[in-house]
Number of protein chains: 2
Amino acid sequence: MIDAELYRVFYTVAASGNISTAAGQLFVSQPAVSKSIKKLENLTGCTLFVRSSRGVKPTTEGQILFEFVKNGFEHLENGERVLKKIRNKEQGLIKVGISNTLCRYYFMPHLEAFHRRYPGIRMTIVNRTSTETLKLLEQGLIDFGVISIPQERSGFTYRELLTIRDVFVTGKEYPEIESPVALQSLSRYPLMMLEKDNVTRAYIDAYLRENQVVLQPEIEISSMDLLIEFARIGLGVALVIRNFVEEELSQGVLKEIPVHPALPSRKIGIVMPKNLQLSIAAATFIDTLSN
Amino acid sequence: MIDAELYRVFYTVAASGNISTAAGQLFVSQPAVSKSIKKLENLTGCTLFVRSSRGVKPTTEGQILFEFVKNGFEHLENGERVLKKIRNKEQGLIKVGISNTLCRYYFMPHLEAFHRRYPGIRMTIVNRTSTETLKLLEQGLIDFGVISIPQERSGFTYRELLTIRDVFVTGKEYPEIESPVALQSLSRYPLMMLEKDNVTRAYIDAYLRENQVVLQPEIEISSMDLLIEFARIGLGVALVIRNFVEEELSQGVLKEIPVHPALPSRKIGIVMPKNLQLSIAAATFIDTLSN
DNA sequence: CTCTGTCATAATCCACGGTTATAGCATGAT
DNA sequence: ATCATGCTATAACCGTGGATTATGACAGAG
């Protein structure tokens with residue numbers, strides 16, 4: 001194989017039709033270019049240029065070669081340009097797996113801020129449950145996931161983002177409750193929770209089981225969105241993530257029912273494959289998430 | 001711009017997923033490849049591979065770059081391959097300008113032989129008059145022409161191929177004429193010649209004028225083909241190129257009318273632009289024509 | 001007929017891509 | 001556990017080939 005740099009010299013000379021000019025563009029001396037061209041001619045066994053006192057002109061063979069070399073270097077130049085953009089965070093693609101709830105109540109503002117700051121970086125968001133998100137991660141179909149952290153599994157690294165707490169809330173029609181009530185006593189109310197396949201739900205169920213408490217929800221639904229809405233209109237007591245109803249609580253639209261023992265806090269965070277270099281775009285995003 | 005050889009190293013490593021293997025393919029040592037990759041990473045500012053004890057795996061950025069570099073080098077490799085074929089005369093294109101008559105009576109066998117010997121080289125034959133052929137040559141639309149030589153014009157080089165002689169012939173119905181007759185006496189016969197725009201005709205006319213002879217043809221036609229055919233069926237006396245009716249004369253199908261003074265011989269040859277390198281294919285063709 | 005711009009050649013030089021040797025590290029086998 | 005194997009990284013050194021400068025030859029333009 002012929003030294004690719006010789007092709008670059010050839011490319012420059014053919015494009016400018018002038019060895020001296022090409023030398024300038026290549027930041028080398030004119031004899032260096034002359035020698036390179038001659039060397040290329042020897043290696044290919046073809047005369048590539050007709051020299052005259054007014055410059056050089058490619059021969060038929062030179063013209064044919066030029067077409068190929070031109071295309072070749074255009075690809076290389078494009079690659080260089082794209083890589084530069086990626087490095088400068090002007091281009092990229094991030095694929096992130098995240099549950100619907102987290103996406104809506106936690107992720108959205110970060111997403112918006114990031115997009116505003118790095119408009120060239122596109123994002124694909126895959127809304128799945130945490131378990132499925134881990135599967136996608138294993139298959140390399142997403143860059144990272146945002147999930148409830150206690151999903152410890154080997155082969156992944158985790159990074160905490162936020163501590164969340166689950167609470168029971170009611171609409172304002174319900175009476176205010178000041179002092180914590182026993183968990184079991186909540187069975188008097190119509191209870192509303194996420195569906196069983198949800199990690200949040202699983203976490204709560206496990207906790208209740210530990211404390212020998214049995215609570216049977218009357219309404220199970222897949223979206224926390226609707227759960228909050230239902231509580232608001234007074235359908236019953238909903239188990240939701242406190243962080244995501246701060247506003248409603250402070251406005252008094254929703255009221256927290258303190259329980260005893262208090263539900264333990266848990267964490268949400270980023271999960272990504274161990275031993276895998278993140279793309280620049282993904283790493284940048286995670287950085288902005290973390291601060 | 002980044003040294004294109006670094007891209008070649010990158011290309012090889014990415015394709016094989018293994019620095020040591022790539023080193024073997026590139027015929028250099030493993031550390032040399034490691035250094036090159038690291039250098040490329042520094043220059044681009046991107047980590048391109050994830051190293052492990054089982055080889056290397058391109059990062060997201062590495063994968064993206066690879067797409068470009070792969071395309072780039074495929075073009076360069078194609079160029080190299082095509083040029084090699086051209087050099088080996090397995091590929092090429094020759095554009096030649098030649099008159100109808102010369103093509104049929106002189107060129108055809110050479111063309112066939114050449115094509116048999118170099119089947120990969122394609123030919124474009126442009127049938128025009130000599131004057132137009134010269135014009136095409138000036139415009140670079142043909143590689144060379146085959147014409148009557150006395151067309152001296154600067155800026156072209158000529159190369160003789162064949163000496164030809166013009167003769168008057170009749171069909172066998174006409175009486176045999178042993179001793180040369182005066183040119184002027186031919187006016188007694190119905191004369192048949194090529195049309196005025198033809199160079200052969202112009203040459204003859206000039207010669208006749210020099211000798212104060214006036215011969216008015218009864219039939220003027222553009223193809224020597226038909227001219228010969230007309231003579232054969234006894235329509236009159238045709239002025240044709242002797243070399244192209246050798247067979248008919250020896251078979252007695254046509255008879256030559258010797259004239260006095262004898263028509264001067266002339267030459268046909270190759271004309272090509274001065275100071276222009278011929279393509280390998282064209283040069284090869286001219287070589288086979290000349291021997 | 002000089003002047004200018006172009007490419008080729010010659011002599012010289014040193015940076016850099018190459019080499020060898022070795023260390024470090026995972027992984028899988030004994 | 002321990003070893004063997006197959007990778008890559010690092011270090012130190014070396015020699016070649018691409019680069020430079022200086023100069024020559026040539027052709028066209030003014």
Side-chain angles (χ1 to χ4, degrees), chain A residues 1-44 46-59 61-62 66 154-157 273-277, chain B residues 1-44 46-59 61-62 66 154-157 273-277:
Chain A
M1 243 284 191
I2 292 173
D3 188 325
E5 277 300 296
L6 288 184
Y7 284 126
R8 186 201 298 288
V9 175
F10 169 79
Y11 176 45
T12 315
V13 171
S16 67
N18 186 305
I19 288 188
S20 304
T21 309
Q25 292 167 354
L26 293 164
F27 304 104
V28 295
S29 65
Q30 170 263 313
V33 176
S34 284
K35 260 205 289 185
S36 292
I37 295 296
K38 170 161 289 180
K39 183 172 184 188
L40 184 61
E41 288 182 326
N42 287 336
L43 287 170
T44 56
C46 295
T47 303
L48 298 171
F49 292 103
V50 185
R51 280 82 162 166
S52 81
S53 69
R54 294 177 57 178
V56 297
K57 190 171 155 303
T59 59
E61 286 78 25
F66 181 63
S154 68
F156 297 102
T157 55
K274 197 167 266 174
N275 304 327
L276 188 69
Q277 185 88 295
Chain B
M1 240 290 189
I2 293 174
D3 188 326
E5 278 298 296
L6 289 183
Y7 285 124
R8 186 201 301 285
V9 174
F10 169 81
Y11 176 46
T12 315
V13 171
S16 66
N18 188 305
I19 290 188
S20 304
T21 310
Q25 291 167 355
L26 292 163
F27 303 104
V28 296
S29 66
Q30 169 264 313
V33 176
S34 284
K35 262 205 289 185
S36 292
I37 294 295
K38 170 160 287 181
K39 184 172 185 187
L40 183 61
E41 288 182 326
N42 287 336
L43 288 170
T44 57
C46 294
T47 303
L48 298 171
F49 292 103
V50 185
R51 280 79 161 168
S52 80
S53 68
R54 293 176 58 178
V56 296
K57 190 172 155 301
T59 60
E61 287 76 27
F66 181 63
S154 71
F156 298 101
T157 54
K274 198 169 266 175
N275 304 327
L276 188 70
Q277 186 90 296

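Chain letters run A, B, ... following the sequence lines, proteins first and then strands; every chain starts at 1.
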- Task: May I ask you to verify if any side-chain N or O of A:Ser29 is less than 4.0 angstrom from the OP1 or OP2 atom of D:dT20?
- Result: yes

- Separation of C:dA11 P from A:Lys35 NZ (nearest whole Å): 12 Å

- Distance, rounded to the nearest Å, where B:Lys57 contributes NZ and D:dC7 contributes C1': 17 Å

- More 5' along DNA chain C: A:Lys38 or A:Gly55, using each one's nearest nucleotide? A:Gly55

- Using the test salt bridge (Lys or Arg N to Asp or Glu O under 4.0 Å), find all partners of A:Arg51 that sit at least two apart in sequence or belong to another chain. A:Glu41

- Task: Would you please confirm or rule out a distance under 4.0 Å between OP1 or OP2 of D:dA9 and any side-chain N or O of B:Arg51?
- Result: yes

- Determine the contact category for A:Gln30: base if any of its heavy atoms lies under 4.0 Å from a base atom, sugar-phosphate if only primed atoms, P, OP1 or OP2 are that close, otherwise nothing. base

- Between C:dC16 (P) and A:Asp3 (CG): distance, integer Å: 16 Å

- Task: Starting from C1' on D:dA19, measure out to CG on A:Leu26 and report it in whole angstrom.
- Result: 13 Å

- Write down the distance between CG (B:Leu40) and P (C:dC16), rounded to a whole number of angstrom. 17 Å

- Item | Heavy-atom closest contact (B:Leu43 atom, B:Ile2 atom, distance) | CB-CD1, 3.9 Å

- Query: What do the steps show when you test B:Val9 against B:Leu40 for side-chain contact (heavy atoms from CB on, under 4.5 Å), and what is the final call?
  - Reply: CA-CA 9 Å; B:Val9 174; B:Leu40 183 61; over 6 Å; no

- Query: CD of B:Glu41 versus C1' of D:dT8: gap in Å, rounded?
  - Reply: 12 Å

- Message: With nearest nucleotide decided by heavy atoms, which residue, A:Ala32 or B:Ser34, maps closer to the 5′ end of DNA chain D?
- Response: B:Ser34

- Query: With a 4.5 Å heavy-atom cut-off, do B:Glu5 and A:Asp3 have their side chains touching?
  - Reply: yes

- Item | N or O in side chain of A:Ser20 less than 4.0 angstrom from C:dG5 OP1/OP2 | no

- Query: Think B:Asn18 has a side-chain N or O under 4.0 angstrom from the OP1 or OP2 of D:dG6?
  - Reply: no

- 5'-most contact on DNA chain D (nearest-nucleotide basis), A:Val33 vs A:Ser53, goes to A:Val33

- Task: Using five base pairs at each end, measure the axis-to-axis angle across the helix from C:dC1-D:dG30 to C:dT30-D:dA1 and round it to 10 degrees.
- Result: 30°

- Quick one: is B:Arg54 getting a side-chain N or O under 4.0 Å of the D:dT8 phosphate, OP1 or OP2? no

- Rounded to the nearest 0.5 Å, the CD atom of A:Gln277 sits from the NZ atom of B:Lys57 at a distance of 10.5 Å

- Task: Would you kindly give the CZ-to-C1' distance between B:Phe49 and D:dA9, to the nearest whole Å?
- Result: 15 Å

- Would a distance-only check, ignoring hydrogens and angles, find a side-chain to backbone donor-acceptor pair under 3.5 Å from B:Thr59 to B:Thr47? yes

- Do you know which two heavy atoms are closest between A:Ala4 and B:Arg8, and how far apart they sit? N-NH2, 3.4 Å

- Closest of D:dT20, C:dC7, D:dT8 to the A:Val56 side chain is C:dC7

- Note on the structure: The residue among A:Val13, A:Leu48, A:Asn42, A:Val56 that forms side-chain contact (heavy atoms from CB on, under 4.5 Å) with A:Ile37 is A:Val13

- Message: Does C:dG17 have its OP1 or OP2 closer than 4.0 Å to a side-chain nitrogen or oxygen of B:Lys39?
- Response: yes

- Expressed in angstrom and rounded to an integer, what is the separation of B:Asn42 atom CG from D:dA9 atom C1'? 14 Å

